[in-house]
There are 2 protein chains.
Amino acid sequence: MARNGEARAKILAAADDLFATRGYDAVSMRDVAAGAGVAKAAVFYYFDGKDALYAAVLDGYYRAHEAALADALARDGDLRARLHAVVDAYVDFAADNVRYARMVQRKIAGGGGDLSVVRQNLGLLLRGVESALGDAVPARGPLAARHFFVTLSGAVLNYFTYAPALEGAWDGDPLSPEGIAERRAHLHWLVDTLLAALP
Amino acid sequence: MARNGEARAKILAAADDLFATRGYDAVSMRDVAAGAGVAKAAVFYYFDGKDALYAAVLDGYYRAHEAALADALARDGDLRARLHAVVDAYVDFAADNVRYARMVQRKIAGGGGDLSVVRQNLGLLLRGVESALGDAVPARGPLAARHFFVTLSGAVLNYFTYAPALEGAWDGDPLSPEGIAERRAHLHWLVDTLLAALP
DNA sequence: TCAGAGTTTGACCGCTCGGTCAAACCGATC
DNA sequence: GATCGGTTTGACCGAGCGGTCAAACTCTGA
């Protein structure tokens with residue numbers, strides 16, 4: 001299995017699956033090894049321990065998320081079009097990687113641990129929204145960009161994390177294409193409404 | 001220590017502290033016992049295991065949250081005033097019990113486990129927002145009450161859960177009285193803006 | 001004073017955890 | 001065929017986990 005990084009990739013994929021569906025603490029290195037079809041010691045050969053493995057998984061998601069967002073931010077158009085693109089990128093990414101939304105929320109809400117990776121990524125997103133909003137918004141106070149960032153990113157992410165707990169209250173599966181399309185429409189309406197109300 | 005439920009109360013308080021700050025998996029029954037100043041076996045005497053202990057802690061919060069919200073919902077006034085009251089109750093409760101916001105988010109994002117308690121509570125909140133919005137909002141589609149519920153509750157809760165990860169990006173402590181007041185102002189503006197835009 | 005129910009305790013059990021290690025394996029190079 | 005570095009493995013370690021149990025303590029009512 002020495003050829004290129006086959007073993008490493010299999011380990012990473014198994015860890016991704018497991019961490020996303022069960023959470024950090026509920027996954028053992030034995031689980032990861034079994035999932036990857038590899039001896040436990042091999043996992044430690046490729047990664048410097050459980051924390052490092054988890055960080056590597058998260059890092060992959062962050063990188064992909066970052067790329068998707070950078071793409072949206074670089075687009076031309078007026079403020080409204082740019083914000084729609086950002087929101088769409090966020091929704092698309094979360095829809096394609098529901099596990100990511102859960103992992104991020106869990107890591108943030110998880111109390112202890114190294115928030116540095118999360119902090120760095122969140123800061124990046126925040127600066128993205130700040131630059132998209134530009135001077136349409138005051139630098140300080142209740143209408144500062146950072147408040148819109150928290151509000152918007154909560155509105156996107158929470159939909160996906162709440163979904164399993166909303167079963168029954170929703171009609172139909174919130175995570176079905178139709179459900180997600182409806183949520184996207186809500187978010188677009190939200191962005192339009194907020195922009196129209198800005199001084 | 002047999003007098004009334006003193007030992008039980010001390011155990012519950014210690015469990016509350018520990019679960020909220022460290023999370024379920026990172027807390028051992030030994031930790032709880034030590035925190036309560038009690039032998040480990042006593043914890044098992046009063047609670048039927050770790051899961052039951054955690055459920056008891058969560059239940060206390062849910063009860064308190066439910067009461068605070070019912071109070072706000074029962075208030076008189078027009079739609080705007082009632083929604084402000086609901087949001088304020090939510091913010092107040094989250095501010096007084098930052099740990100609660102974290103525990104709920106973590107439980108929701110946590111994948112497996114018994115979501116029934118969360119689901120019940122979330123359903124209650126949803127029906128609250130639905131009844132507060134009444135017929136100001138369509139029953140279906142992107143402007144249905146449930147979308148506003150997800151958006152608003154995300155806007156409230158995420159502020160508190162993101163706070164520790166936003167250090168540095170924010171100036172000043174997001175959880176200071178001033179920070180919370182500013183967030184409250186943002187939420188009020190949000191509610192007003194959304195209401196004004198409804199057909 | 002004694003019996004008995006309700007508490008509290010420390011010792012203990014089986015198990016799984018993250019992590020280590022020396023030995024074996026394997027494909028290339030000489 | 002010998003050598004050698006990168007890879008893979010199973011056996012192993014100490015620690016901590018959730019949970020149990022019988023013995024000891026404490027308070028109360030007869």
Side-chain angles (χ1 to χ4, degrees), chain A residues 1-60 103 106-107 110-117, chain B residues 1-60 103 106-107 110-114 117:
Chain A
M1 205 178 282
R3 205 80 50 86
N4 54 51
E6 191 184 344
R8 199 192 129 98
K10 278 169 66 173
I11 292 169
L12 209 51
D16 178 359
D17 256 341
L18 290 165
F19 281 139
T21 55
R22 291 197 222 157
Y24 182 85
D25 295 289
V27 171
S28 75
M29 295 301 261
R30 281 164 181 84
D31 294 337
V32 173
V38 134
K40 181 163 69 80
V43 181
F44 286 91
Y45 177 77
Y46 283 104
F47 299 91
D48 290 340
K50 196 180 180 184
D51 285 347
L53 177 57
Y54 188 79
V57 171
L58 257 193
D59 209 56
M103 284 178 81
R106 180 153 38 195
K107 194 71 186 172
D114 56 335
L115 280 178
S116 59
V117 202
Chain B
M1 202 181 285
R3 207 76 54 81
N4 53 55
E6 192 185 343
R8 202 192 128 96
K10 277 168 66 174
I11 291 170
L12 208 52
D16 177 359
D17 257 341
L18 290 166
F19 282 139
T21 54
R22 292 197 221 156
Y24 182 85
D25 295 289
V27 171
S28 75
M29 295 301 258
R30 283 164 180 81
D31 293 337
V32 173
V38 135
K40 180 164 69 81
V43 180
F44 286 90
Y45 177 77
Y46 282 104
F47 298 91
D48 289 340
K50 196 181 178 183
D51 286 346
L53 178 57
Y54 186 78
V57 170
L58 255 193
D59 210 57
M103 284 178 83
R106 177 152 41 193
K107 194 73 186 171
D114 57 334
V117 203

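Letters A, B, ... are given to chains in the order of the sequence lines, protein chains preceding strands, and every chain is numbered from 1.
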Evaluation steps, side chain to side chain contact (heavy atoms under 4.5 Å, CB included), between A/Tyr46 and A/Leu12: CA-CA 10 Å; A/Tyr46 283 104; A/Leu12 209 51; over 6 Å; no
Measure from [atom1] on [X] to [atom2] on [N] and round the result to the nearest Å.
X       : N      : atom1 : atom2 : result
A/Leu53 : C/dC17 : CG    : C1'   : 15 Å
A/Tyr54 : C/dG18 : OH    : C1'   : 17 Å
B/Lys10 : C/dT7  : NZ    : P     : 15 Å
A/Asp25 : D/dG18 : CG    : P     : 11 Å
A/Arg8  : D/dT8  : CZ    : C1'   : 16 Å
A/Tyr46 : D/dT9  : OH    : C1'   : 13 Å

Between NZ on residue A/Lys40 and CZ on residue A/Arg30, distance to nearest 0.5 Å: 4.0 Å
Which nucleotide in D/dC17, C/dT9, D/dT7 has an atom nearest any side-chain atom of A/Tyr45: D/dT7
Do any N or O atoms of the protein come closer than 3.5 Å to N or O atoms of nucleotides 19-25 of chain D, and which pairs are they?
residue : atom : partner : partner atom : Å
D/dG19  : OP2  : B/Lys50 : N            : 2.9
D/dG19  : N7   : B/Lys40 : NZ           : 2.6
D/dG19  : O6   : B/Lys40 : NZ           : 2.0

Sugar-phosphate, base or nothing in reach of B/Val27, heavy atoms under 4.0 Å: sugar-phosphate
Partner residues of B/Tyr24 under the ring pair (Phe, Tyr, Trp, His ring centres under 6.0 Å) criterion, sequence neighbours left out: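 Residues passing ring pair (Phe, Tyr, Trp, His ring centres under 6.0 Å) with B/Tyr24: B/Phe19, B/Tyr54.
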Under-4.0 Å side-chain N/O to phosphate OP1/OP2 contact, A/Ser28 with C/dC17: yes
Over 12 non-hydrogen atoms of neighbours within 6.0 angstrom of CG in A/Asp25: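 Enclosed.
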Heavy-atom closest pair, residues B/Leu53 and B/Ile11: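 The pair with the smallest heavy-atom distance is CD1-CG2, 4.3 Å.
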Closest heavy-atom pair and its distance - A/Leu18, A/Val27: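 Reported closest heavy-atom pair: O-CG2, 3.4 Å.
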